[in-house]
Amino acid sequence: MAAPPTHRFQAPKGTRDFLPGDMAVRRHVERAWRDAAIRHGFDEIDGPTFEHLDLYTVKSGPGIVSELFSFRRAGGDTDYALRPEFTPTLARMVAGMGASLPRPVKWFSIGSMFRAERPQRGRLREHVQWNVDLLGEASREADAEVVAVAADLLERLGLRPTDAQIKLNDRGAITRLLESLGLPVEATPAALALLDRRDKMEDAAFRAEAAMLGMSASAVAKFLDLSTQRVALGAEEAAPSAVREALLEGEESRTLTRALRARGLQPWCHWDLGIVRGLAYYTGTVFEVHETTGRERAIAGGGRYDELVELFGGAPTPAVGFAMGDVVIRLALEERGLLRSPEEYLPRPDVFVIEGRSEDDGRLPAIVAQLRRGGLHVRHSYRATRNIGKLLGDASKARARLAVILGREMERDAVVVRDLEAGAQEEVALADIVSALRAKLG
Ligand code: HAM
């Protein structure tokens with residue numbers, strides 16, 4: 001008889017399977033994200049993983065659709081899209097809650113985002129993203145507060161300012177700079193979107209589009225030259241004149257510099273007028289976190305979006321925030337040897353119970369259940385054998401701290417407890433087992 005046909009499936013392009021070691025590393029990063037946000041006073045939220053398609057096209061236009069996974073239910077007539085980012089969901093939520101929401105709103109979230117990108121190093125079609133947002137505060141102090149969360153996270157994961165930098169800019173400053181180079185103000189949004197795409201474009205196409213917006217070839221060259229300038233916080237006065245004027249003319253950048261310095265963040269941050277950010281909703285500060293070799297894509301990005309909540313029908317609500325994905329931060333940590341081997345992030349069992357008697361009388365499950373009810377993380381052998389050495393090897397491989405060996409002592413309702421690190425062992429009565437193990441685990 002012919003064998004039934006078999007099917008072999010692969011995960012969709014640009015997605016990942018997380019086996020236990022990978023998942024444990026992901027949880028390590030997520031734990032650092034959650035801890036950093038909570039330490040800074042943010043509460044965790046989440047929203048749906050898909051939204052009405054309009055939520056994304058209303059600000060960015062229909063062009064955004066090619067970057068989304070959008071769909072209709074079979075037989076339905078509503079267009080949906082998997083969320084490519086969290087900010088529109090957040091703005092929708094805040095707009096919907098209206099005045100009942102105490103301000104400032106300090107929220108963070110961790111969840112999967114989906115983008116129809118060409119998969120490449122640092123960019124996938126599904127990634128896990130951490131969002132940190134502060135709404136209801138117009139002052140640049142709020143911008144400094146969210147930047148502080150990003151810096152805290154980098155530091156907690158073992159990165160130093162020589163490994164990663166937060167590059168700041170201000171949409172007002174870029175607008176002034178572009179204006180000083182002859183660009184009509186109304187062409188600014190299109191120019192920012194174009195400048196954001198400059199690395200992905202052929203030179204000629206870039207120049208042609210810039211010319212159409214009213215930027216002369218010399219203005220483009222000047223902008224690209226000025227945008228490579230790195231200006232330390234507090235050193236704005238010493239920057240080339242066009243950069244200095246762009247930064248210092250607006251009160252905002254001065255306030256932000258002051259607020260960041262007051263928080264001791266100057267080693268982590270500098271001004272970079274080349275950071276324009278592609279997203280259409282930013283209105284003021286924009287920033288990105290980059291690792292310093294420049295080999296990887298951005299670790300994180302964010303900025304101020306003071307008009308988005310209102311666009312979604314809410315009260316005028318100033319807002320600032322950022323998001324970090326799990327992909328590039330992991331690459332940056334791996335490259336610097338800041339991740340231990342994946343196994344070391346797996347939860348460590350307290351106890352490994354070994355059946356050391358060849359005649360299985362079925363008491364192991366009851367003992368395992370008793371230990372688990374006592375709050376212990378318990379694993380156990382699946383085959384009874386007198387080869388205790390082999391089973392102890394399995395216990396050590398699982399990185400258990402203690403082994404409980406069911407042997408001849410069971411005849412008097414006792415087991416042998418072995419400390420797998422120190423090697424010492426002793427007999428313990430089953431009646432006292434949970435407290436005896438707890439005492440050993442400390
Ligand atoms: P974004 O710059 O599009 O900003 O994404 C933020 C971060 O998410 C990136 O720096 C990167 O770490 C990660 N990321 C984005 N797309 C991908 C991808 N395809 N594969 C892997 N990682 C990716 C936003 O999403 C804004 N909504 C951030 C924000 C929050 N602004 C204000 N609040």
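Indexing begins at 1, ligand by ligand and atom by atom, following the structure's order. Note that this is a predicted model, so its numbers are computed, not measured.
- Listed by chain and residue number, Glu344 satisfy the side chain to side chain donor-acceptor pair (under 3.5 Å) test with Arg340 (two or more places apart in sequence, or in another chain).
- Considering only non-hydrogen protein atoms, atom 16 (N) of ligand 1 sits nearest to Arg115 NH1, 3.2 Å.
- Distance from atom 14 (N) of ligand 1 to its nearest protein heavy atom, with residue and atom name: His127 NE2, 3.3 Å.
- Remark: minimum distance from atom 18 (C) of ligand 1 to any protein heavy atom is reached at Arg123 CD, 3.4 Å.
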| message | Before you tell me yes or no, could you show the steps for Leu194 and Asp196 under side chain to side chain contact (heavy atoms under 4.5 Å, CB included), namely the whole-Å CA-CA distance, both residues' side-chain angles and the distance that decides it to 0.1 Å? | response | CA-CA 5 Å; Leu194 175 65; Asp196 186 62; over 6 Å; no

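- Nearest protein neighbour of atom 32 (C) of ligand 1, counting heavy atoms only, is Gly321 O, 3.2 Å.
- Residue Leu279 touches ligand 1 through its side chain alone, judged by heavy-atom distances below 4.0 Å.
- Within the 4.0 Å heavy-atom criterion, neither part of Val328 lies near ligand 1.
- Close approach to Arg277 involves these atoms of ligand 1, each under 4.0 Å from a residue heavy atom: 1 (P), 2 (O), 4 (O).
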| said: Does Glu179 form a salt bridge (charged side-chain N to carboxylate O under 4.0 Å, His left out) with Arg176? I'd like the steps, not just the answer. | reply: CA-CA 5 Å; Glu179 213 182 334; Arg176 283 190 290 276; over 6 Å; no

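- Remark: of the listed residues Arg297, Arg336, Lys167, Arg336 is the sole one forming a salt bridge (charged side-chain N to carboxylate O under 4.0 Å, His left out) with Glu291.
- With hydrogens left out, the protein atom closest to atom 8 (O) of ligand 1 is Gln129 NE2, 3.1 Å, a heavy atom.
- Remark: side-chain polar atoms of Thr257 are paired, donor with acceptor, to backbone N or O of Ser253 under 3.5 angstrom.
- Of all the atoms in ligand 1, the ones that sit under 4.0 Å from a non-hydrogen atom of Ala298 are 10 (O), 11 (C), 12 (O).
- Nearest to atom 33 (N) of ligand 1 among the protein's heavy atoms is Asp133 OD1, 2.8 Å.
- Within ligand 1, the atoms closer than 4.0 Å to a non-hydrogen atom of Gly122 are 20 (N), 21 (C), 22 (N), numbered from 1 in the order shown.
- Each of the atoms 26 (C), 27 (N), 29 (C), 30 (C), 31 (N), 32 (C), 33 (N) of ligand 1 lies under 4.0 Å from some heavy atom of Thr87.
- The shortest N/O to N/O separation between Tyr305 and ligand 1 does not fall below 3.5 Å.
- Given atom 6 (C) of ligand 1, the protein heavy atom at minimum distance is Ala323 O, 3.4 Å.
- Proximity to Ile299 (heavy-atom distance under 4.0 Å) selects the following atoms of ligand 1: 10 (O), 12 (O).
- Although no hydrogens or angles enter the test, the distance criterion places a donor-acceptor pair under 3.5 Å between the side chain of Arg399 and the main chain of Glu343.
- With 3.5 Å as the limit, one finds a donor-acceptor pair spanning the side chains of Trp271 and Glu236.
- A heavy-atom separation below 4.0 Å is not found between Phe86 and ligand 1.
- Considering Ile299, Val328, Leu338 as possible partners of Leu333, the one that fulfils the side-chain contact (heavy atoms from CB on, under 4.5 Å) test is Leu338.
- At least one N or O atom of Gly325, backbone or side chain, sits closer than 3.5 Å to an N or O atom of ligand 1.
- In this structure, Phe9 and His7 have parallel ring planes: the angle between them is below the 30° cut-off, well short of the 60° mark.
- Residue contacts with ligand 1: Asn131 is placed with no nitrogen or oxygen under 3.5 Å of a nitrogen or oxygen of the ligand (distance criterion only).
- Listed by atom number, the atoms of ligand 1 under 4.0 Å from Tyr281 heavy atoms are 26 (C), 27 (N).
- At the top of the distance list for atom 31 (N) of ligand 1, counting protein heavy atoms only, stands Tyr282 OH, 2.7 Å.
- The aromatic ring centres of Phe352 and His380 sit 6.0 Å or more apart.
- Residue-environment remark: CZ (Arg160) stays at or below the threshold of 12 foreign heavy atoms within 6.0 Å.
- Considering both main-chain and side-chain atoms, Leu124 comes within under 3.5 Å of ligand 1 through a nitrogen or oxygen pair.
- A salt bridge is defined here as a Lys NZ or Arg NE, NH1 or NH2 lying under 4.0 Å from an Asp or Glu carboxylate O, and Glu145 with Lys106 meets this definition.
- Shown here for Leu420 and Ala400, the closest heavy-atom pair between the two residues is CD1-O, 3.4 Å.
- Under a 4.0 Å criterion applied to the non-hydrogen atoms of Ala300, ligand 1 contributes the atoms 10 (O).
- For Arg121, the side chain to side chain donor-acceptor pair (under 3.5 Å) test picks out Glu296, Glu335, with sequence neighbours left out.
- Residue Phe322 has at least one heavy-atom neighbour below 4.0 Å for each of these atoms of ligand 1: 29 (C), 30 (C), 32 (C), 33 (N).
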